[in-house]
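Throughout, numbering of the chain's residues begins at 1 and tracks the sequence.
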Amino acid sequence: MSETAEPSLIAKREGIAGTLLMNRPKALNALDLPMIRAFAAAIAEWRDDAAVRLVVLEGAGGRAFCAGGDVRAVRASSVAGDRAAVEAFFAEEYEVNAGIAAFGKPWVSLIDGVCMGGGIGVAVHNGPRVVTEHALVAMPETAIALFPDVGTSYVLPRLPGAIGTWLALTGARLTGADSVHAGLATHYVPRESLPALRAALVADGAEAVARLAVAPPEASFAPHRAAIDRCFGQGSIAAILAALDAEGTEWAAAQAKTLRRMSPTSLCVSLELLRRGAAKDLAGCLAMELALTRVVVNDHPDFVEGVRSVLVDKDGAPRWTPARIEDVDPAAIAAMFAA
């Protein structure tokens, strides 16, 4: 039984827009395979339809835009040894990311509430990307021993300075204003203005965003901007940690503490992924990510363990393999990219 009688993605034609509502509010609108397939169907139907001038994407329930992919289901497939199910989820999700990028018309995401992982993937490759004061944006994959995917290996290296690396490794949570300053969002619109914005979008088109947007508050990370570049611009996880220790600030100590909680393998994989992604186009990045999921999700123990710790047992006590960053073998990381 689904949680409602309605589909998990509600697609409608309203005015000059195709509207999409991610509709799994109890799961914070996490992307499951039926929702991913419904995205693909909407893209195929509307891409060449001249009557659809833009798409407006929202999340149901008031708490989340989209909290990411349904990694619990992916973990269950991995535990069962069902490589085909793992492959289908990621391959079809990444095809949707590519389809949004190539859509050719504005794809307006109204991000109000939690937007993480796969939620960023269905928003960031087109725009405008609108955030409210209630938006909470993050790429928290290293905590579950995955890596920044859904095409963010293309996006994150292209953010200013080392912001993308900082976000990828720590899973730092951004406010709506932070997201604009970081380059993940394009416009800041207060929540109270969203109904007016939505009405204007379906009547007039994407130009309505600029009319209703306001200047965002200063980024919460502004005081640490130079330190982000100094520390997260380093070439290895060990060098990043050494730079954070050298800062001698409370902020830097908090970042280092966060990194030491993450999967050591995932940190090293993620840093290498962004380094490689900086030199590839989006299609190349998505292909690299898909190849990496086969190894990371199916063949390395940390993903199953990380999802267990964060989302299944929720004990916050993962047992990583290896347990320490210092024990990660660089050759093992390189081999994951060669698989």
Side-chain angles (χ1 to χ4, degrees), residues 2-67 92-93 95-115 118-135 137 176 179 185-214:
S2 62
E3 62 190 40
T4 72
E6 295 177 309
S8 58
L9 185 73
I10 299 173
K12 294 181 180 176
R13 295 281 293 274
E14 300 180 52
I16 61 173
T19 64
L20 295 171
L21 180 68
M22 294 178 282
N23 189 40
R24 300 183 69 213
K26 291 180 183 173
L28 298 181
N29 301 320
L31 301 169
D32 59 7
L33 200 49
M35 196 191 291
I36 289 166
R37 287 174 175 165
F39 265 108
I43 291 167
E45 182 181 344
W46 292 340
R47 182 175 46 217
D48 300 319
D49 185 339
V52 176
R53 301 249 303 278
L54 72 161
V55 166
V56 179
L57 176 62
E58 300 171 279
R63 294 169 58 207
F65 176 74
C66 171
E92 294 186 42
E93 182 182 22
E95 283 175 15
V96 164
N97 302 143
I100 292 168
F103 190 65
K105 296 180 260 194
W107 181 281
V108 187
S109 298
L110 304 182
I111 301 171
D112 185 43
V114 175
C115 176
I120 293 177
V122 293
V124 76
H125 300 299
N126 199 327
R129 302 179 296 280
V130 176
V131 285
T132 74
E133 71 277 22
H134 295 282
V137 179
S179 303
T186 60
H187 295 82
Y188 184 82
V189 174
R191 177 184 275 180
E192 65 181 16
S193 300
L194 282 185
L197 173 57
R198 191 186 188 284
L201 286 167
V202 301
D204 305 327
E207 298 76 17
V209 172
R211 294 202 303 270
L212 285 159
V214 299

Could you give the distance from CG (Leu20) to CE (Met35), rounded to the nearest 0.5 Å?
10.5 Å

Given side-chain contact (heavy atoms from CB on, under 4.5 Å), test Val55 with Val108 step by step and report yes or no.
CA-CA 6 Å; Val55 166; Val108 187; over 6 Å; no

Can you name the closest pair of heavy atoms from Pro128 and Pro106 and give their distance?
CD-CB, 4.3 Å

To the nearest 0.5 Å, how far apart are NE2 in His187 and CD1 in Ile111?
12.5 Å

How long is the straight-line distance from NZ of Lys26 back to CZ of Arg24, given to the nearest 0.5 Å?
11.5 Å

Test side chain to side chain donor-acceptor pair (under 3.5 Å) applied to Arg37 - qualifying residues, sequence neighbours left out:
Glu92

So which heavy atom on Ile16 is nearest to which on Asp204, and how close?
CD1-C, 3.6 Å

Is it the case that Asp112 and Thr132 place a side-chain donor and acceptor less than 3.5 Å from each other?
yes

If only atom types and distance count, is the side chain of Asn23 paired as donor or acceptor with the main-chain N or O of Ala60 below 3.5 Å?
no

Closest approach of Leu54 to Ala206 (non-hydrogen atoms, all atoms of both residues)
CD1-N, 3.8 Å

Asn97 CG to Ile120 CD1 distance, which is reported to the nearest 0.5 Å
11.0 Å

Exercise: identify the closest heavy-atom pair between Phe65 and Met22:
O-CE, 3.3 Å

How about Arg198 and Glu14: do any of their side-chain heavy atoms sit closer than 4.5 Å?
yes

Is the backbone of Ala101 close enough, under 3.5 Å, to the side chain of Asn126 for a donor and an acceptor to pair up by distance?
no

Got Leu9 and Leu21 here, is their nearest side-chain heavy-atom distance under 4.5 Å?
no

Can you tell me if Lys105 uses its side chain to pair, donor with acceptor, with the backbone of Val52 under 3.5 Å?
yes

Counterpart residues, side chain to side chain donor-acceptor pair (under 3.5 Å), relative to Arg63 (two or more places apart):
none

Can you find a pair of side-chain heavy atoms, one from Val130 and one from Tyr188, that are under 4.5 Å apart?
no

If you measure from SG on Cys115 to CZ on Arg129, what distance do you get to the nearest 0.5 Å?
10.5 Å

Only residue of Leu197, Val209, Val131 satisfying side-chain contact (heavy atoms from CB on, under 4.5 Å) with Leu110 is Leu197

Would you say Ser109 and Val122 make side-chain contact, with heavy atoms under 4.5 Å?
no

Over all atoms of both residues, closest heavy-atom pair of Ser193 and Val189:
CB-CG1, 3.6 Å

Output for pair (Leu57 CG, Ile100 CD1), nearest 0.5 Å, gives 7.0 Å

Looking only at heavy atoms, what is the nearest atom pair of Trp46 and Ala11, with distance?
CH2-CB, 3.9 Å

Less than 4.0 Å between a side-chain N and a carboxylate O, is that true for Arg13 and Asp49?
yes

So, do Leu28 and Cys66 sit near enough that their side-chain heavy atoms are less than 4.5 Å apart?
no

